[in-house]
Amino acid sequence: MNKEELFLVNRFGDLANTAYERNIYTYSDFLNLYELSILNQIKETLPPVTLKTTGGNPYAERKIAVFSPKEIYYEEEPPIVVLSIAPINSKFAEQLSHRDFLGAVLNLGINRNKIGDIFVKEQQAYVYCKEDISAYIMENLFKIRHTQVTIHKTECRSVNVIPNLKEITGTISNIRLDSLIATAFKTTRSSIISCIEERKVFINGKVTTSNGAAVKEGDIVSVRGKGRFVFQGVLKETKKGRNLIKLSLYQ
């Protein structure tokens with residue numbers, strides 16, 4: 001392990017140990033897929049606690065780790081809230097993207113690990129974040145690009161938002177990881193080999209280093225720096241013996 005990974009492992013150990021010894025809930029910051037895969041690899045070596053992960057939304061990719069004693073008499077809500085950000089005047093607002101909303105929040109000097117997933121619906125964004133940073137964002141974020149915005153804080157359970165999914169179809173000879181990624185992001189199989197070798201590709205949150213890895217219907221494939229998609233399966237076999245596949249790409 002490199003220094004960053006070792007620091008992360010030690011951090012997980014400290015959180016688990018604190019939960020075990022003090023009989024309390026402890027929480028990590030938001031973890032990306034690679035960090036979650038490290039947690040999954042070392043979870044059996046942690047002190048005897050209950051480990052769960054949540055992003056505040058069943059479709060979330062970024063999640064916090066929740067450590068709690070195996071026997072505890074109370075339940076505690078994870079410290080995640082949703083900030084609903086929308087233009088003050090939608091008629092004159094710019095078309096803001098996921099990148100615009102994320103960039104505006106990070107430009108306040110906030111670390112990325114304090115922010116979870118961001119779901120954009122029409123002109124409104126739902127930003128999942130750690131509760132301890134929410135007030136700061138609300139007090140300091142007034143404008144995104146040239147658009148004045150308003151912010152409201154909501155509990156996660158009060159928000160029912162799902163991501164926008166774009167349906168993509170294509171034909172491939174074999175159901176392989178590299179072929180599916182190439183189809184999803186309209187690139188060549190050879191161009192994504194480096195992503196796989198650099199451990200940037202995940203199937204259902206677990207890192208994979210095999211470009212020929214099998215992918216099953218319903219699996220979620222994530223590529224750091226590109227995006228993620230759901231493999232919806234094979235629609236039919238073409239006359240030339242190729243597979244017509246369907247993917248749902250997260251927008």
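Quick note: residue numbers are just sequence positions, from 1.
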Quick check for you: to the nearest 0.5 Å, what is the distance between [X] atom [atom1] and [Y] atom [atom2]?
X: N243; Y: S173; atom1: CG; atom2: OG; value: 8.0 Å
X: L96; Y: L102; atom1: CG; atom2: CG; value: 13.0 Å
X: Y74; Y: I24; atom1: OH; atom2: CD1; value: 6.5 Å
X: N10; Y: K3; atom1: CG; atom2: NZ; value: 13.5 Å
X: T187; Y: I181; atom1: OG1; atom2: CD1; value: 10.0 Å
X: L33; Y: N40; atom1: CG; atom2: CG; value: 11.5 Å

What heavy-atom pair brings [X] and [Y] nearest, and what distance separates the two atoms?
X: L39; Y: L31; value: CD2-CD1, 4.3 Å
X: S134; Y: C129; value: CB-SG, 4.0 Å
X: R189; Y: S179; value: CD-OG, 3.5 Å
X: Y27; Y: E77; value: OH-O, 3.8 Å
X: M138; Y: K153; value: SD-CB, 3.8 Å
X: K226; Y: F185; value: O-CE2, 3.7 Å

Is there a donor-acceptor pair closer than 3.5 Å between any side-chain N or O of [X] and the backbone N or O of [Y]?
X: Y34; Y: R224; value: no
X: T147; Y: P87; value: no
X: N113; Y: F30; value: no
X: N17; Y: G13; value: no
X: R199; Y: V207; value: no

Between [X] and [Y], is any pair of side-chain heavy atoms under 4.5 Å apart?
X: D178; Y: I193; result: no
X: K43; Y: F12; result: no
X: K70; Y: P48; result: yes
X: V223; Y: V201; result: yes
X: T26; Y: V49; result: no
X: Y250; Y: L165; result: yes
X: P79; Y: I64; result: yes
X: V82; Y: V161; result: no

Do [X] and [Y] share a hydrophobic cluster, counting only Ile, Leu, Val, Met, Phe, Trp and Tyr and linking them when any side-chain heavy atoms are less than 4.5 Å apart?
X: L46; Y: L8; answer: yes
X: V66; Y: I133; answer: no
X: F67; Y: F7; answer: no
X: I245; Y: L177; answer: yes
X: L249; Y: V120; answer: no

Taking atom [atom1] of [X] as the centre, does the number of heavy atoms from other residues, nucleotides or ligands within less than 6.0 Å exceed 12?
X: N2; atom1: CG; value: yes
X: R11; atom1: CZ; value: no
X: E94; atom1: CD; value: yes
X: K121; atom1: NZ; value: yes

Checklist entry - Which residues pass the salt bridge (Lys or Arg N to Asp or Glu O under 4.0 Å) test with K216, sequence neighbours left out? => result D219

Next on the checklist: Enumerate the salt bridge (Lys or Arg N to Asp or Glu O under 4.0 Å) contacts for residues 127-142, please, sequence neighbours excluded, ordered by first and then second residue.
Outcome noted: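 Qualifying pairs, neighbours excluded: D29-K130, K114-D132.
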
Item to check | Qualifying salt bridge (Lys or Arg N to Asp or Glu O under 4.0 Å) pairs, either residue in residues 160-171, two or more places apart | outcome: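 Non-adjacent pairs meeting salt bridge (Lys or Arg N to Asp or Glu O under 4.0 Å): E167-K246.
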
Checklist entry - Can you list the steps and then say if V105 with L83 is a side chain to side chain contact (heavy atoms under 4.5 Å, CB included)? => result CA-CA 11 Å; V105 172; L83 298 182; over 6 Å; no

Next on the checklist: Among residues at least two apart in sequence or on other chains, which ones pass side-chain hydrogen bond (donor to acceptor under 3.5 Å, both in side chains) with N174?
Outcome noted: none

What side-chain donor-acceptor pairs closer than 3.5 Å can you find for residues 227-234, not counting sequence neighbours?
from : atom 1 : to   : atom 2 : distance (Å)
R228 : NE     : E61  : OE1    : 3.4
R228 : NH1    : Y59  : O      : 3.1
R228 : NH2    : Y59  : O      : 3.1
R228 : NH2    : D117 : OD2    : 3.1
Q232 : NE2    : S248 : OG     : 2.8

Checklist entry - Does a side chain donor of either D100 or S97 reach within less than 3.5 Å of an acceptor in the other side chain? => result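 A donor-acceptor contact under 3.5 Å links the two side chains.
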
Checklist entry - Distance only, no hydrogens: is a donor on one side chain within 3.5 Å (strictly under) of an acceptor on the other, for T208 and S210? => result no

Checklist entry - Can you list every pair that meets ring pair (Phe, Tyr, Trp, His ring centres under 6.0 Å) and has a residue in residues 87-132, with sequence neighbours left out? => result F119-Y128

Next on the checklist: Determine whether Q148 and N89 satisfy the following criterion, side chain to side chain contact (heavy atoms under 4.5 Å, CB included), listing intermediate values before the conclusion.
Outcome noted: CA-CA 8 Å; Q148 299 287 334; N89 190 332; over 6 Å; no

